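Working notes for the structure below.
So you know, we letter chains A, B, ... as the sequences are listed, proteins then strands, and number each from 1. Because the structure is a prediction, the values reported are computed rather than measured.
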Amino acid sequence: MSEFREKTSIVDARIPEGPLANKWVDHKNHVRLVSPGNKRRIDVIIVGTGLAGASAAASLAEMGYNVKAFCFQDSPRRAHSIAAQGGINAAKNYQNDGDSTYRLFYDTIKGGDYRSREANVYRLAEVSASIIDQCVAQGVPFARDYGGLLDNRSFGGVQVSRTFYARGQTGQQLLLGAYSAMSRMIAKGGIKMYNRHEMLDVVLVDGKARGIIARDLNTGVIERHSAHAVVLASGGYGNVFFLSTNAMGSNVTAAWKAHKKGALFANPCFTQIHPTCIPVSGDHQSKLTLMSESLRNDGRIWVPKKKDDPRKPVDIPEDERDYYLERRYPAFGNLVPRDVASRAAKERCDAGYGVGASKMAVYLDFSDAIKRMGEDVVAAKYGNLFQMYEKITDENPYKTPMRIYPAVHYTMGGLWVDYNLMSNVEGLFVLGEANFSDHGANRLGASALMQGLADGYFVLPYTIGDYLADDIRTGPIPTNSSEFDAAEKEVKDRLHKLMNNGGTKPVDYYHKKLGKIMWEQCGMSRNAEGLREAIVEINAIREDFWKNVRIPGSADQFNQELEKAGRVADFIELGALMCQDALDRNESCGGHFREEYQTPEGEALRDDDNYAYVAAWEYQGAGVPAILHKEELHYENIKMVQRSYK
Amino acid sequence: MNLKLKIWRQKGPKDNGKMVDYPISDISPDMSFLEMIDVLNDQLVEKGDEPVAFDHDCREGICGSCSMYINGEPHGPGRGITTCQLHMRSFNDGDTIHIEPWRAAPFPIIKDLVTDRSAFDRIIQAGGYISVNSGSPVDANAIPINKQNSDEAFDAATCIGCGACVAACKNASAMLFTSAKVSHLSLLPQGEVEAQKRVLAMVNQMDEEGFGNCTNTGACEVECPKGISLEHIARMNRQFLGAAISHSPEKGGGGGE
């Protein structure tokens, strides 16, 4: 039993009937359509222009809807999907290694430690192949072999090569493809683009999402925008930890405002700590840099067998090195899933075998790969990553092993959505990392790009029509209603409060404080006592923040400190919910590792009898525990077993 | 490290702006340049002064947001990096560092070091795409592309749209940016269909935005953080000339919609 208030209602995901492999096709055949003439009368707001938002915006505009797209960056091309490195999965079986829709589905469910929804994941695997076709048609320059056909690489947690890539810049190339498609529709008038705009609230009319309040970041003007449906594709919330591999601007604000208006927030404690990032070098650090998982294809991870070994890594002989992943997980070796690899690195460092000045790092070594393939081949595969590493650390990874350590990278949790990707708030759809739906308790590498584009190109365009079919006679939604008045007033009051509280401390002071608590108590390992303490401390930070934060300048101008303040205020509230969720889940699964629940070998110990559910939380006010709603997970096609990568 | 910063401060688009001196101390050589500005900004906020506005996001050299003109060079000293990849170890204790925004008429200043680069978006909107709808594309391997063309297209496609090429150019020319997209798409069979129409539309938009012409100084290539080659400009010029002679919009020559 949960120690938190629980609603007896079980959340209904509205999964179509029928055999797993037919669900999506049948569903598409039976959802309602909106005729071309009627699409012209329907407006859709899309918040965020990463892979999910940009692909959705382009697709809906091509179909004939009037799209209004918003991003806080100065151009939709700069959304954080741009930074994804390694690749995108698709069940193409181009390598003839026995891959199939079922295998991609199975790997994703298993990788997610049996905490995701079968029907959604199967659909994701089913549409994955079309994504590659779509992107190639747009001119995305994926890596090719000398025969001119597409090349693949392998990623963690799987035994086939199904990852398509564009050197170490796959996210950039995919996003530029979606951005191009968007640009074409902007020119044609199908999309009205609002750059440097931040959504500060969602507006509900008669219980339906009918618009947003946005701030023009150039001028500070507060604007009202209406539509028949609102789509949030606003990304993940990893920056709650302050240090993460997310972009500085990545934030939870759009999702959190929706949560405060009634949208359930699902599995917030499921965060992904990526095993291969450049270690923290000091207190000044503003963000962490990922070194793509693809490096684990050819790099070998090790620490010295001797504690505090003072020798340079190249001087430590082979038999005095502990290749601990290969030792513990012989079947998958260096390619175990991310959660497993991260915990194993932490275990070695906590036990005193860490390397580098901070002793909080392990080696990722390419010397064997260079011997085997030659430096040229290694450079062709990973050159830009090696260069990035050298720029940051001033060390040459061709000559000496990289030092890496896990860092916050992705958030599997997010707003709860049903099979149609609609939240429990009618007309509010959520795509990509912002929703919770496909990755369970741990995401496999190269699956985030797949999910973002699946949602935007191939799922939402069909499912949103089923909802909008009711709106063909509604006509434009007015923005002068009392609901818009109230939402705008709320936004303005909050900005006024932030600007005029007479405090003295910069926003970063609070963000760093929050991040430290989250990393220590709600990071790679958690326990009940620590989580309880964290909730108390976070609530204290919230009170201090609203009394003592200082924002110079005014709200009626370009003001980056004010932007940051609004985002950090939301992160503080989210942090408390994450700890509550982690405390509720008395088991270990995927990225959620509760110290009280582990096997004798130190692996995550699930409790399927009591926790095979999605925890969807209902907001009750800042500092007040949220109410738990459960969506039970039913596995009809896959047997739940203890995950093993040995 | 102790440094003397001279930073361009400008309250808004209509303000005149000026260089302001900020001494800063205890800077670690391991900090990135932007982390050094973070330190300065927190100090300014604590004093109740407005922090220095600057664009930045990914801080790993790929989003193209950061855009500082440091000691007379876009993205500062060092080759093949963006401002966020510049580290303080590139400077010496006691140095004076001048920090300014991109300076080009088509990139008007919004505040301090922040400029409006939406002209680049409009150049892409003019034709920097392949006209294909989402839905039912052909199988990806139905279009084999020889590796050399594919790799060359990729090299062109790595442009991050930061605008350093424009900032480096004495004519504020956007030829490197525009040609990178023209090259990327026209080197691929999928993009060849619309090639003529595309190059005419994009060059036309580039001119309308007020970017200057190219006089082959090559400064853009030197300062480009992604090493985009001048060869793309040559290719675009060839294609533009060919298209200007043979493309007939009435007949729909060169494909398109």
Side-chain angles (χ1 to χ4, degrees), chain A residues 55 58-59 62 73-75 77-78 80 82-83 94 130 132-134 136-139 141 144-150 166-167 169 172-173 176 180-181 183-184 186-187 195 218 247-249 281-282 284-287 289 387-388 391-392 394 457 461 504 506 508 550 552-553 557-558 560-561, chain B residues 12 28 30-31 34-35 38-39 42 45-46 48-51 53 55-65 80-81 85 87 89 110-111 114 117-118 120-121 124-126 128-134 137-141 143-147 150 153-154 157-158 161 184-185 188 190-191:
Chain A
S55 58
S59 304
E62 288 160 8
Q73 297 90 346
D74 72 326
S75 163
R77 68 179 291 152
R78 306 204 200 284
H80 189 55
I82 199 100
Y94 281 165
S130 303
I132 304 304
D133 300 339
Q134 181 66 34
V136 167
Q138 287 171 343
R144 288 174 185 272
D145 58 27
Y146 286 99
L149 301 179
L150 294 167
R167 250 170 258 169
Q169 288 141 271
Q172 180 200 26
Q173 294 309 315
L176 293 181
S180 292
S183 297
R184 170 173 167 245
I186 293 170
N195 296 345
N218 278 349
M248 301 302 285
S281 71
H284 56 264
Q285 198 137 358
S286 61
K287 79 153 274 165
T289 302
Q387 184 212 27
M388 200 194 284
K391 300 276 185 232
I392 293 172
D394 213 17
Y457 283 135
T504 54
D508 281 352
R550 170 189 273 172
Q557 60 170 112
F558 189 91
Q560 290 173 317
E561 198 68 8
Chain B
S28 153
D30 287 332
M31 278 183 193
L34 298 186
E35 284 165 352
D38 290 341
V39 171
D42 276 357
V45 173
E46 275 163 16
D49 293 341
E50 280 197 49
D55 269 323
H56 65 106
D57 202 22
C58 78
R59 296 207 177 186
E60 50 190 68
I62 195 76
C63 75
S65 295
I81 54 168
Q85 293 174 299
H87 281 72
R89 65 178 84 96
I110 293 170
K111 185 177 182 179
V114 176
R117 288 170 286 182
S118 55
F120 271 10
D121 283 333
I124 299 294
Q125 286 156 19
Y129 50 76
I130 290 171
S131 298
V132 55
N133 285 356
S134 310
V138 297
D139 185 87
N141 264 353
I143 321 166
I145 301 170
N146 93 40
K147 186 166 163 53
S150 171
F154 177 87
T158 58
H184 159 212
L185 296 174
L188 301 171
Q190 308 93 299

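Scored by the side chain to side chain donor-acceptor pair (under 3.5 Å) test, B/His184 finds B/Lys181 as partners (sequence neighbours excluded). Remark: A/Gln285 pairs with A/Ser281 by the side chain to side chain donor-acceptor pair (under 3.5 Å) rule, at least two apart or across chains.
For the residue pair A/Gln169 and B/Ile62, the shortest heavy atom distance occurs at CG-CD1, 4.0 Å. Counting all heavy atoms, side chain and backbone alike, A/Leu149 lies closest to B/Pro144 at CD2-CB, 4.0 Å. Taking both residues in full, the closest heavy atoms of A/Phe558 and B/Lys111 are given as O-NZ, 2.9 Å, listed atom of the first, atom of the second, then distance. Residues A/Ser286 and B/Asp38 approach most closely at CB-OD2, 3.6 Å, considering heavy atoms. Shown here for B/Gln125 and A/Ala187, the closest heavy-atom pair between the two residues is O-CB, 3.3 Å. When all heavy atoms of B/Arg59 and A/Thr289 are compared, the pair lying nearest together is O-OG1, 4.5 Å.
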side-chain hydrogen bond (donor to acceptor under 3.5 Å, both in side chains) assessment of B/Glu50 paired with A/Gln560: CA-CA 10 Å; B/Glu50 280 197 49; A/Gln560 290 173 317; over 6 Å; no
Stepwise salt bridge (Lys or Arg N to Asp or Glu O under 4.0 Å) check, A/Lys287 with B/Glu60: CA-CA 9 Å; A/Lys287 79 153 274 165; B/Glu60 50 190 68; 2.8 Å; yes
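Put simply, the side chain of B/Arg117 does not reach to within 4.5 Å of the side chain of A/Ser75, judged on heavy atoms. Within the 4.5 Å cutoff, side-chain heavy atoms of B/Asp139 are placed close to those of A/Tyr94. Within the 4.5 Å cutoff, the side chain of B/Phe154 has heavy atoms near those of the A/Gln173 side chain. Under the 4.5 Å side-chain criterion, counting only non-hydrogen atoms from C-beta, B/Val138 is not in contact with A/Asp133. Looking only at side-chain heavy atoms (C-beta outward), A/Met248 and B/His56 come within less than 4.5 Å of each other.
Put simply, the side chain of B/Asn133 never gets that close to the backbone of A/Glu62: no donor and acceptor are under 3.5 Å apart. Listed for the B/Asn141 side chain is a donor-acceptor partner under 3.5 Å among the backbone atoms of A/Leu150. Side-chain atoms of A/Arg144 do not come within 3.5 Å of backbone N or O of B/Asn146 as any donor-acceptor pair. A distance-only check finds no donor-acceptor pair linking the side chain of B/Asp57 to the backbone of A/Ala247 [under 3.5 Å]. Side chain of B/Glu46 to main chain of A/Pro506: no donor-acceptor pair is present (N/O by atom type, distance under 3.5 Å, no hydrogens or angles). A donor-acceptor pair is defined here as one N or O able to donate and one able to accept, closer than 3.5 Å; no such pair exists between the side chain of A/Glu561 and the backbone of B/Pro51. Between the side chain of A/Arg78 and the backbone N or O of B/Gly161 there is at least one donor-acceptor pair closer than 3.5 Å.
Only the side chain of B/Ser28 has a heavy atom closer than 4.5 Å to any heavy atom of chain A. At a 4.5 Å heavy-atom cutoff, the contact between B/Ile145 and chain A is made by backbone and side-chain atoms alike. Proximity to chain A (any heavy atom under 4.5 Å) is shown, for B/Ile143, by both the backbone and the side chain.
Each of A/Thr504, A/Asn218, A/Asp394 has some count of heavy-atom pairs under 4.5 Å with chain B, and the biggest count is that of A/Asp394. Between chain B and the residues A/Gln138, A/Met388, A/Gln73, the most heavy-atom pairs under 4.5 angstrom are made by A/Gln138. Annotation: maximal heavy-atom pairing with chain A below 4.5 Å, among B/Gly80, B/Ser134, B/Pro137, occurs at B/Ser134. Between chain B and the residues A/Gly282, A/Ser180, A/Gly147, the largest count of heavy-atom pairs under 4.5 Å involves A/Ser180.
Figure legend: cation-pi geometry between B/Lys147 and A/Tyr146, with NZ or CZ positioned under 6.0 Å from the six-membered ring centre and within 45° of its axis.
The CZ atom of A/Arg167 sits 7.5 Å away from atom OG1 of B/Thr158, with the distance rounded to the nearest 0.5 Å. Expressed to the nearest 0.5 Å, how far CG of A/Asp74 lies from OG of B/Ser65 amounts to 5.5 Å. Distance CD1/A/Ile82 to SG/B/Cys58: 8.5 Å, rounded to 0.5 Å.
Checked by atom type, the side-chain pair A/Gln387/B/Gln85 shows no donor-acceptor distance below 3.5 Å.
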